[in-house]
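For reference, the structure is listed below as structure tokens.
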Amino acid sequence: WYGAYEMHAAHAEGPFVGATGFAVHFAISVTPRAGGERMDFREVGVYTVEKGKIVREEFMGLQPG
């Protein structure tokens with residue numbers, strides 16, 4: 001991922017803890033190294049925890065624009 005994009009900024013907020021895990025809100029600003037315009041986007045990472053270990057990750061993003 002880092003090889004394909006130049007990262008300008010990143011911000012993480014959380015964790016927001018729930019009964020079976022936690023979520024983190026990410027805001028990221030990148031430019032594709034292969035050319036293209038700078039993109040700002042947000043996503044939420046949802047992590048499921050069992051016996052003190054992360055057993056599943058899901059990422060839900062909002063399209064830029």
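The model shown is predicted, which means the values in this text are computed figures rather than measured ones.
Although no hydrogens or angles enter the test, the distance criterion places no donor-acceptor pair under 3.5 Å between the side chain of Arg33 and the main chain of Ala4.
Remark: Arg38 CZ is packed, more than 12 non-hydrogen atoms of other residues, nucleotides or ligands lying under 6.0 Å away.
Rounded to the nearest 0.5 angstrom, His25 NE2 and Glu43 CD are separated by 9.0 Å. Atom NZ of Lys53 and atom OG1 of Thr48 lie 16.0 Å apart (nearest 0.5 Å). Note that CH2 of Trp1 and CD1 of Ile28 are 5.0 Å apart. Values are rounded to the nearest 0.5 Å. The distance from atom CE of Met60 to atom CZ of Arg42, rounded to the nearest 0.5 Å, is 14.0 Å.
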Go through it in stages, so that I can follow the logic: the residues are Met39 and Ser29, the test is side-chain contact (heavy atoms from CB on, under 4.5 Å), and I'd like the CA-CA distance, side-chain angles, deciding distance and then a yes or no. CA-CA 6 Å; Met39 300 179 293; Ser29 180; over 6 Å; no
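When side chains are defined from C-beta on, Phe26 counts as touching Phe59, because their heavy atoms get closer than 4.5 Å.
Closest heavy-atom contact between Val44 and Ala23: CG1-CB, 4.1 Å.
Under the 4.5 Å side-chain contact rule for hydrophobic residues, Phe41 and Val24 share a cluster.
Evaluated for a side-chain hydrogen bond (donor to acceptor under 3.5 Å, both in side chains) with Thr31, the options Glu6, Glu37, His8 yield exactly one hit, His8.
Below 30°, between 30° and 60°, or above 60°: for Phe22 and Tyr47 the angle between ring planes is below 30°, a parallel geometry.
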